Number of protein chains: 2
Amino acid sequence: MAPERATAQVAVDCVVFGVQLALPDHPDADDRLMVLLVERGPAPFAGRMALPGGFVLAGEGLKAAAERELVEETGVKLTYLEQLYTFGAPARDPRGRVLSVAWMALVRPSAHQLAPDTDAADARWVPVAEAPPLAFDHDTILATALERLRGKVRWQPIGFDLLPPRFTLTWLQRLYEVILEQTFDKRNFRRKVLKTGLLVDTGDRLTGVPHKPPALYAFDRDRYERLQTSGFSFEL
Amino acid sequence: MAPERATAQVAVDCVVFGVQLALPDHPDADDRLMVLLVERGPAPFAGRMALPGGFVLAGEGLKAAAERELVEETGVKLTYLEQLYTFGAPARDPRGRVLSVAWMALVRPSAHQLAPDTDAADARWVPVAEAPPLAFDHDTILATALERLRGKVRWQPIGFDLLPPRFTLTWLQRLYEVILEQTFDKRNFRRKVLKTGLLVDTGDRLTGVPHKPPALYAFDRDRYERLQTSGFSFEL
DNA sequence: TCAAAAGTGTTATGGTTACACCCATGA
DNA sequence: TCATGGGTGTAACCATAACACTTTTGA
């Protein structure tokens with residue numbers, strides 16, 4: 001008697017990190033690394049927080065499923081999810097064999113309205129440092145994503161989707177400091193990011209601040225996209 | 001009428017890279033980066049070369065399935081497969097919805113006997129540069145693995161499983177040159193690898209060579225494992 | 001004695017780190 | 001005038017890159 005091939009349901013789960021800096025438009029934002037979680041309605045794990053996600057539909061691609069579930073459960077619409085890892089321990093879901101293909105992204109919370117479609121889900125940004133124990137093996141997924149995020153940030157430019165179109169170098173520095181949980185020397189940070197050629201000085205300055213008005217920069221989109229592929233090293 | 005959840009079969013495929021340097025024990029080895037392929041027996045793609053792999057069994061973990069299929073189809077027994085990526089385009093397998101969780105490894109061919117268990121498979125090492133068009137989307141999987149391998153090698157030590165327990169620095173250098181398809185300066189290479197503290201001079205020399213007998217080194221296993229996690233930079 | 005690979009050191013360059021003060025503004 | 005963050009330069013150190021000759025052996 002030959003052993004059975006596994007037939008599995010396929011789920012996707014999304015680890016969406018968010019950083020909302022306290023900028024002029026959101027002066028009282030919580031300056032920490034957040035993750036987007038939903039509260040589960042149905043069993044199993046009813047009432048627990050979980051990563052947004054759900055089952056892949058017949059004929060649907062994996063990434064498309066992740067994007068769809070994210071919109072349905074949170075209202076967040078993304079197009080640049082990156083595949084993280086696939087979790088497939090036989091007993092990871094009490095309902096039966098369910099694989100989860102996990103995806104991740106990094107966004108600016110204020111650029112997205114939380115508007116879950118399904119009544120099941122109550123979507124919230126939660127500081128990563130304060131995330132409660134999650135449903136299924138989502139703690140492991142989150143930990144894996146965090147490790148990947150911190151590695152990735154040292155290799156690839158970030159900020160395009162996390163900052164307004166024009167921003168100060170101090171904001172960019174704060175972004176890195178929040179994500180990497182370390183501080184950088186202002187002069188060295190500036191030298192380094194300016195040397196990438198990633199930033200364009202718009203010539204304008206931020207006004208209305210009770211100190212010397214800082215210069216506003218923008219990303220050079222072409223160069224940004226090239227550096228996303230080719231990478232650079234970001235040690236400070 | 002709600003759309004159907006997909007139920008999929010789950011496959012694993014293994015990209016096993018091999019480098020067989022021309023060392024004293026294998027003086028006429030083919031000094032190139034190889035990949036382990038099998039010839040498919042059954043349809044679809046009967047007669048085509050493919051990555052070794054197959055279906056996950058009920059109750060079986062993903063990595064365990066990859067290890068099992070690799071032994072069954074090629075006789076190669078590994079314990080350090082690394083998950084690469086999950087391929088799940090709806091039409092990637094003509095038989096129906098089949099996800100493939102791909103795994104990769106880098107080994108020394110001479111350390112493994114090719115002894116496929118199943119009559120279906122004829123296992124062979126093929127130079128990556130000469131791989132024929134493969135079954136399913138295995139060309140894409142191979143390309144993804146190659147890219148990942150070249151990135152990884154600049155970050156993590158390699159060689160433990162690719163060289164004999166005691167080896168010369170020239171062999172180690174050749175290994176890097178074969179994998180990265182570039183040459184390095186001998187003096188700079190030595191300085192760099194010795195500085196990692198990864199290598200221990202055994203005090204012995206290789207004898208019987210028609211030139212100055214080279215020193216034999218070994219890996220410091222502890223340090224090797226620590227560097228596998230923490231990493232280093234390998235630019236020459 | 002020849003062929004083959006081993007082994008070795010220096011210099012120029014550029015990146016990294018550490019560090020402190022003056023500037024422009026709004027209140 | 002004060003508080004706040006913006007903005008700037010230098011020196012010491014270390015890593016990298018480029019480069020050529022002598023040594024040891026077996027045949």
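Bear in mind the structure is a predicted one, so any value in this text is a computation, not a measurement. The chains referred to below are lettered A, B, ... by the order of the sequence lines, with proteins before strands, and numbering in each begins at 1.
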Which of D:dG6, C:dG7, D:dT24 is nearest the side chain of B:His211? It is D:dT24

So which one's nearest nucleotide on DNA chain D is more toward 5', B:Pro210 or A:Leu169?
-> A:Leu169

C:dT16 P sits how many Å from A:Phe234 CZ, rounded?
-> 10 Å

Please check if any side-chain donor atom of A:Ser110 sits under 3.5 Å from a side-chain acceptor atom of A:Gln20, or the reverse.
-> yes

Inter-residue atom distance A:Leu199.CG - A:Phe167.CZ, 0.5 Å rounding = 5.0 Å

For A:Val193 and A:Phe234, the nearest pair of non-hydrogen atoms, with its separation, is CG1-CE1, 3.8 Å

Student check: side-chain heavy atoms of A:Val101 and A:Tyr85 closer than 4.5 Å = no

With heavy atoms under 4.0 Å as the rule, sort B:Thr170 into base, sugar-phosphate or nothing.
-> sugar-phosphate

How many Å lie between NZ on A:Lys212 and P on C:dA27, as a whole number?
-> 19 Å

Derivation and outcome, side chain to side chain contact (heavy atoms under 4.5 Å, CB included), residues B:Leu70 and B:Val12 | CA-CA 10 Å; B:Leu70 196 57; B:Val12 286; over 6 Å; no

Nearest listed nucleotide, side chain of A:Asp185, among C:dG7, C:dA24, C:dC19 | C:dC19

Rounding to a whole Å, what distance do you find between B:Glu235:CD and C:dG15:P?
-> 14 Å

Quick check: does any side chain N or O of A:His138 sit under 3.5 Å from a backbone N or O of A:Leu51, one acting as donor and the other as acceptor?
-> yes

Could you tell me whether A:Lys192 and A:Glu235 have a side-chain N and a carboxylate O separated by less than 4.0 Å?
-> no

Give A:Arg205 one of three labels, base, sugar-phosphate or nothing, depending on what nucleic acid heavy atoms sit under 4.0 Å from its own.
-> sugar-phosphate

Interatomic distance where CD belongs to B:Gln182 and P belongs to D:dT16 [whole Å] = 14 Å

Whole angstrom is fine here: how far is it from CG in A:Leu172 over to P in D:dG7?
-> 13 Å

What integer distance in Å separates B:Leu216:CG from C:dG7:C1'?
-> 14 Å

In whole angstrom, what separates A:Leu206's CG from C:dG26's C1'?
-> 13 Å

Can you sort out which residues in residues 186-197 of chain A have a heavy atom within less than 4.0 Å of DNA chain D? Ascending by number, please.
-> A:Lys186, A:Arg187, A:Arg190, A:Arg191

